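Here the structure is laid out as structure tokens; the discussion comes afterwards.
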Amino acid sequence: MYALVDCNNFYCSCERLFNPMLEGKPVIVLSNNDGCAIARSEEAKALGISMGTPAFMIREIVKNHDVKVFSSNYTLYGDMSDRVMQTLAGFVSRLEIYSIDEAFLDMHNMEHTNLLKLGIQIRRTVIKNTGIPVCVGIAPTKTLAKMANRYAKKRWREVGVHWAANQDLIDEMLAATEVGNIWGIGHQYALFLKTNGFKTALDFVGAPEEWVRVNMSVVGQRLYNELKGIPAIKWQFEARTKKNICTSRSFGSLLTDKALILEAACNYTANCALKLRQQNSCAREVIFFLQTNPHRTEDKQYMMSIKLKLESATNNTPELIKYVSKGFELIYKPGFNYLKCGVIVDSLVPESEVQYSMFSDVDDGKTKRVNSAIDSINRNIGKETVRFAVQGFEKKYRLKAEMLSHRYSTNINELIKVTR
DNA sequence: TCTGGGGTCCTAGGACCC
DNA sequence: TCTGGGGTCCTAGGACCC
């Protein structure tokens with residue numbers, strides 16, 4: 001058996017934890033740049049605010065119903081996530097952290113225990129230790145555990161736990177789940193399945209296997225097996241080394257100034273380089289992209305990306321900046337209102353396996369020491385204490401975060417204040 | 001005024017090899 | 001009459017996830 005533990009409206013729950021006045025009130029958390037709603041409390045959902053709605057489109061609802069709005073505070077959410085995961089780790093021998101607010105728990109060889117009771121105990125303990133409410137779904141495969149979790153949320157709200165312990169319970173759950181709500185079925189497949197007469201997950205498992213294979217490839221077939229109770233998705237206990245790393249952001253406002261955009265690009269590159277060093281990888285390719293705002297139909301549009309192959313793989317900040325600047329010069333065109341740019345480092349190889357170019361004269365030991373010194377200072381004293389001149393200091397392009405809560409649990413200056 | 005950011009996996013098709 | 005067959009590697013693009 002697999003259990004999937006998922007935090008309820010995670011970001012909103014984190015905000016509430018340090019601000020009990022928010023209890024019972026509609027709360028939403030916005031994406032980067034205060035763009036759109038990415039987390040909603042139950043009260044906010046009831047007001048009809050749906051996932052991903054742009055902030056400017058719900059301004060009226062927010063005003064009329066006194067919705068409490070927050071910018072995303074990833075420092076806080078990340079720390080709360082760690083605490084939840086630590087508590088979960090106490091219940092099983094192995095867990096897979098699937099995302100910031102979800103984990104799969106390995107419940108094999110526990111079939112003899114009453115897993116419903118265990119689920120309830122997990123839920124109680126997490127809320128006691130961290131204050132974060134969670135739901136638990138337990139089933140024979142990951143996909144069914146996901147579904148059981150969703151079913152717990154919808155059908156067994158009070159208990160918050162569902163154990164699909166036998167085929168009857170599984171069928172009941174499959175029948176109650178529309179194909180579009182199956183983990184792994186997105187927009188396209190949901191549409192395709194519905195057009196072909198498959199409405200619920202139960203309908204889908206009744207489809208001929210060959211038809212699934214032909215029309216939905218091996219991905220579909222795996223899913224099909226998972227829903228039939230045959231595990232087809234492997235455990236992933238260890239964090240994988242990433243195969244590509246991306247840093248991209250929308251600017252706080254539209255930019256036309258070339259120097260400013262380049263400065264942003266250099267900062268994003270420095271961030272990619274840092275992430276590379278953290279996982280001991282080097283990149284053989286770097287992609288730089290730049291775009292205007294497609295929603296502003298009155299603006300001339302321009303979208304371009306460029307891929308540069310590196311002479312030899314590196315994670316050295318100035319070296320990567322050199323390539324990105326070159327890419328920038330090649331695709332930047334004046335006269336547009338730019339919204340966003342980004343850097344992707346790709347074709348990653350382990351640092352220990354880097355092949356040097358025949359003509360390279362880089363003193364690798366030296367640059368490595370410089371970079372680790374910089375990383376260490378930045379880690380200990382504060383992000384970007386040491387930076388390269390091209391990264392600038394003003395950050396005029398910086399994103400908006402006008403409703404940011406405090407980093408209550410990680411910053412000594414932002415602790416919660418108790419007054420009497 | 002105004003629409004996020006960061007990933008993974010799979011497939012088809014082209015280039016290339018013998 | 002009528003132009004092989006089998007394989008690998010790479011890439012772009014699509015679908016999905018939170």
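As the structure is a prediction and not an experimental result, all values here were calculated from the model. Lettering of chains follows the sequences in order, A, B, ..., and the numbering in each one begins at 1.
- Checked against C/dC17, B/dC2, B/dG5, the side chain of A/W183 finds its nearest nucleotide in C/dC17.
- One interatomic measurement links the two molecules: CD1 of A/I287 to C1' of B/dG7, which rounds to 13 Å at whole-angstrom precision.
- Rounded to a whole Å, the CD atom of A/Q291 is 11 Å from the C1' atom of B/dG4.
- Comment: A/K63 engages A/E60 in a salt bridge, judged by a side-chain N to carboxylate O separation of less than 4.0 angstrom.
- For B/dT3, neither phosphate oxygen OP1 nor OP2 lies less than 4.0 angstrom from any side-chain nitrogen or oxygen of A/T53.
- Heavy-atom nearest nucleotides on DNA chain B were determined for A/V219 and for A/K275, and the one closer to the 5' end corresponds to A/K275.
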Could you walk me through whether A/Y2 and A/W235 pass the ring-ring contact (aromatic ring centres under 6.0 Å, His included) test, one step at a time?
CA-CA 10 Å; A/Y2 296 73; A/W235 282 108; 4.9 Å; yes

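- Between A/K142 and C/dC17, a side-chain N or O to OP1/OP2 separation shorter than 4.0 Å is absent.
- Checking B/dG7, B/dG4, C/dA12 against every side-chain atom of A/K307, the shortest atom distance belongs to C/dA12.
- Under a 3.5 Å cut-off, the side chain of A/N9 and the backbone N or O of A/C12 do not form any donor-acceptor pair.
- For A/K243, counting side-chain heavy atoms from C-beta on, the closest listed nucleotide (B/dC9, B/dT3, B/dC2) is B/dC9.
- Between A/N33 and the phosphate of B/dG5, there is no side-chain N or O to OP1/OP2 separation shorter than 4.0 Å.
- Note on A/N293: every side-chain N or O is 4.0 Å or more away from OP1 and OP2 of B/dC2.
- Listed nucleotides: C/dA12, B/dT1, B/dG5. Nearest to the side chain of A/R59: B/dT1.
- As judged by a 4.0 angstrom heavy-atom cut-off over every strand, A/K309 is placed among residues touching the sugar-phosphate backbone only.
- Summarising the geometry, the separation between CZ on A/R40 and C1' on C/dC18 is reported as 13 Å, rounded to the nearest angstrom.
- Distance CG (A/D101) to P (B/dG6): 18 Å, rounded to an integer number of Å.
- Comparing B/dC10, B/dG6, C/dC16 by their closest approach to the side chain of A/S217 singles out B/dC10.
- No donor-acceptor distance shorter than 3.5 angstrom exists from the side chain of A/E285 to the backbone of A/D346, with no hydrogens or angles considered.
- Between the two ends of the helix from B/dG5-C/dC18 to B/dC18-C/dG5, each summarised by a five-pair axis, the helix axis turns through 10° (rounded to 10 degrees).
- Nucleic acid contact class of A/L223 (heavy atoms, under 4.0 Å, all strands): none.
- Just one of A/I138, A/V92, A/V136 meets the side-chain contact (heavy atoms from CB on, under 4.5 Å) condition when paired with A/L105; it is A/V92.
- Phosphate contact (OP1/OP2 of B/dC10, side-chain N/O of A/R222, threshold under 4.0 Å): present.
- Side-chain N or O atoms of A/N215 include one that pairs as donor or acceptor with a backbone N or O of A/W211 at under 3.5 Å.
- As rounded to whole Å, 14 Å separates atom C1' of B/dC10 from atom CD of A/Q221.
- Residue A/K146 places at least one side-chain N or O under 4.0 Å from the OP1 or OP2 atom of C/dC18.
- Using a cutoff of 4.0 Å between basic side-chain nitrogens and carboxylate oxygens, A/K326 and A/E329 are not scored as salt-bridged.
- In the set B/dG4, B/dC9, B/dG7, the nucleotide with an atom closest to the side chain of A/N32 is B/dG4.
- Toward the 5' end of DNA chain B, the nearer of the two residues A/R240 and A/G35, judged by each one's closest nucleotide, is A/G35.
- Between B/dG6, B/dG5, B/dG4, one nucleotide has an atom nearer to the side chain of A/K340 than all others, and that is B/dG5.
- In this structure, NZ of A/K234 is placed 10 Å from P of B/dC10, rounded to the nearest angstrom.
- No engagement by A/D34 is indicated, since no non-hydrogen atom pair under 4.0 Å with the nucleic acid exists.
- When atom types are taken as modelled, the side chain of A/N73 and the backbone of A/S405 share a donor-acceptor pair closer than 3.5 angstrom.
- Using a 4.0 Å heavy-atom cutoff across all strands shown, A/L30 reaches no nucleic acid atom at all.
- Of the candidate nucleotides C/dC16, B/dC2, B/dG7, C/dC16 has the atom lying nearest to any side-chain atom of A/Q188.
- Which of B/dG7, B/dG4, B/dG6 sits closest to the side chain of A/S248 comes down to B/dG6.
- In the set B/dC10, B/dG5, B/dT8, the nucleotide with an atom closest to the side chain of A/S250 is B/dG5.
- For A/E298, the CD atom sits in a packed shell: over 12 heavy atoms of surrounding residues, nucleotides or ligands are nearer than 6.0 Å.
- Nucleotides B/dT3 and C/dC18 place their P atoms 25 Å apart, quoted to the nearest Å.
- Contact annotation for A/I100: no contact, since no heavy-atom pair falls under 4.0 Å across all strands.
- A donor-acceptor pair shorter than 3.5 Å can be found between the side chains of A/S409 and A/D79.
- In this entry the distance linking CD1 of A/I344 with P of C/dA12 reads 11 Å, nearest Å.
- In this structure, A/N271 atom CG and B/dG5 atom P are separated by 13 Å, rounded to whole Å.
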